[in-house]
Amino acid sequence: MDGPPENDCCSICHANFHIPCQANCSHWFCANCIIQVWNYGPALQPCRCPLCRRHITLLIPTEASLRQRSTTGVAEILEKVEHYNRVFGERPNGLFQRMQDLPFLLRRLLRDMMDPQRSLPFVIKARVYMAAVLSALYVLSPVDIIPEALLGIIGLLDDFIIVLICFLHVAALYRSFLLARHGG
């Protein structure tokens, strides 16, 4: 979705969304509201989502909000969001945080790839397709690091790890693209 769900409101101010941003946990907030949550918490770590308590390491404003950047109040709030993304979005995350962000980033990437109005850079599309094709070739090939014929179900472990690495690579690539596009 390109914006928050209809008939929904910000869970912080309980009003209609003003400059809606989607967090990496998939929840929507007013940009100013979630920045205020961060301002009243520890400054050296990302704020936690008020709904699910996950660390918010990426805030993505809607395209409509970005088009209103010429408005003084909107530009100021978007600069704060960009600052937040620079501070916490580029920070190396642990594997657990990356695993939590994986569904959000892959869902967004798939939506962006299928939307004819959006254009992802050719390099990103090529790397995504190459990672998917190479991991599919490995999974489907009879050559395995851990053979299924000898170890049974445990032999699928290497296939699972290759697919997981592929998904993590694609999500990290798309996250860096989102940071570049929305983070400044």
Side-chain angles (χ1 to χ4, degrees), residues 1-5 8-69 71-113 115 118 120-121 124 127-128 131 163-184:
M1 68 183 67
D2 289 329
D8 199 3
C9 64
C10 175
S11 59
I12 298 170
C13 67
H14 301 289
N16 290 331
F17 289 100
H18 177 66
I19 312 173
C21 283
Q22 188 176 27
N24 57 307
C25 60
S26 297
H27 292 118
W28 288 90
F29 305 101
C30 298
N32 197 40
C33 293
I34 198 64
I35 293 297
Q36 283 183 4
V37 168
W38 174 56
N39 285 337
Y40 289 107
L44 298 178
Q45 62 183 347
C47 66
R48 290 187 177 269
C49 173
L51 299 173
C52 67
R53 306 304 301 154
R54 281 185 48 201
H55 284 287
I56 296 175
T57 57
L58 184 64
L59 292 171
I60 303 171
T62 61
E63 296 294 325
S65 298
L66 293 173
R67 285 191 293 270
Q68 296 176 350
R69 185 179 283 275
T71 310
T72 306
V74 174
E76 188 177 314
I77 293 170
L78 288 176
E79 284 178 20
K80 291 178 183 178
V81 168
E82 289 171 359
H83 172 71
Y84 185 90
N85 285 341
R86 273 193 306 274
V87 171
F88 300 112
E90 296 172 355
R91 179 185 284 190
N93 300 359
L95 181 62
F96 186 68
Q97 180 69 37
R98 289 182 187 184
M99 296 290 286
Q100 285 182 319
D101 290 350
L102 191 62
F104 167 74
L105 292 170
L106 291 177
R107 192 170 45 246
R108 256 191 94 92
L109 174 66
L110 186 63
R111 188 187 75 226
D112 279 356
M113 289 182 78
D115 188 358
R118 297 230 168 125
L120 289 174
I124 290 180
R127 286 181 66 183
V128 167
V163 170
L164 180 65
I165 289 170
C166 171
F167 282 146
L168 287 173
H169 171 74
V170 167
L173 176 69
Y174 187 63
R175 182 185 185 89
S176 65
F177 169 73
L178 286 176
L179 277 171
R181 187 167 74 180
H182 296 294

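Hydrogens, waters and symmetry mates are skipped; everything else that's a heavy atom, side chains included, is used.
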Just verifying a value: how many Å separate [X] [atom1] and [Y] [atom2], rounded to the nearest 0.5 Å?
{"X": "R108", "Y": "L110", "atom1": "CZ", "atom2": "CG", "value": "12.5 Å"}
{"X": "N85", "Y": "L58", "atom1": "CG", "atom2": "CG", "value": "5.0 Å"}
{"X": "H18", "Y": "C10", "atom1": "NE2", "atom2": "SG", "value": "11.5 Å"}
{"X": "L59", "Y": "Y84", "atom1": "CG", "atom2": "OH", "value": "5.5 Å"}
{"X": "I34", "Y": "I77", "atom1": "CD1", "atom2": "CD1", "value": "13.0 Å"}
{"X": "C25", "Y": "H55", "atom1": "SG", "atom2": "NE2", "value": "11.5 Å"}

- Message: Can you tell me which residue among L105, L178, I56 is in a side-chain contact (heavy atoms from CB on, under 4.5 Å) with N24?
- Response: I56

Side chain proximity check, [X] to [Y], heavy atoms < 4.5 angstrom:
{"X": "R175", "Y": "R98", "result": "no"}
{"X": "M99", "Y": "L168", "result": "yes"}
{"X": "Q100", "Y": "R54", "result": "yes"}
{"X": "F29", "Y": "P50", "result": "yes"}
{"X": "H169", "Y": "V128", "result": "no"}
{"X": "I19", "Y": "C30", "result": "no"}
{"X": "I60", "Y": "F104", "result": "yes"}

- Non-neighbouring partners of S11 that pass side-chain hydrogen bond (donor to acceptor under 3.5 Å, both in side chains), sequence neighbours left out: none

- Query: How would you list, by chain and number, every residue that makes a side-chain hydrogen bond (donor to acceptor under 3.5 Å, both in side chains) with H27, sequence neighbours excluded?
  - Reply: none

Identify the two heavy atoms, one from [X] and one from [Y], that lie closest to each other, and give their separation to 0.1 Å.
{"X": "D8", "Y": "N16", "answer": "O-OD1, 4.5 Å"}
{"X": "W28", "Y": "P5", "answer": "CD1-CD, 3.8 Å"}
{"X": "A131", "Y": "C166", "answer": "O-SG, 3.4 Å"}

Run the side-chain donor-acceptor check on residues 35-43: report pairs under 3.5 Å with partners two or more places apart or on a different chain.
residue: W38; atom: NE1; partner: Q45; partner atom: O; Å: 3.4
residue: N39; atom: ND2; partner: I35; partner atom: O; Å: 3.4

- Query: Charged N to carboxylate O below 4.0 Å: is that the case for R69 and E82?
  - Reply: yes

Can you name the side-chain contact (heavy atoms from CB on, under 4.5 Å) partners of [X], sequence neighbours left out?
{"X": "A64", "value": "T62, R67"}
{"X": "F167", "value": "L102, L106, V163"}
{"X": "P103", "value": "R107"}

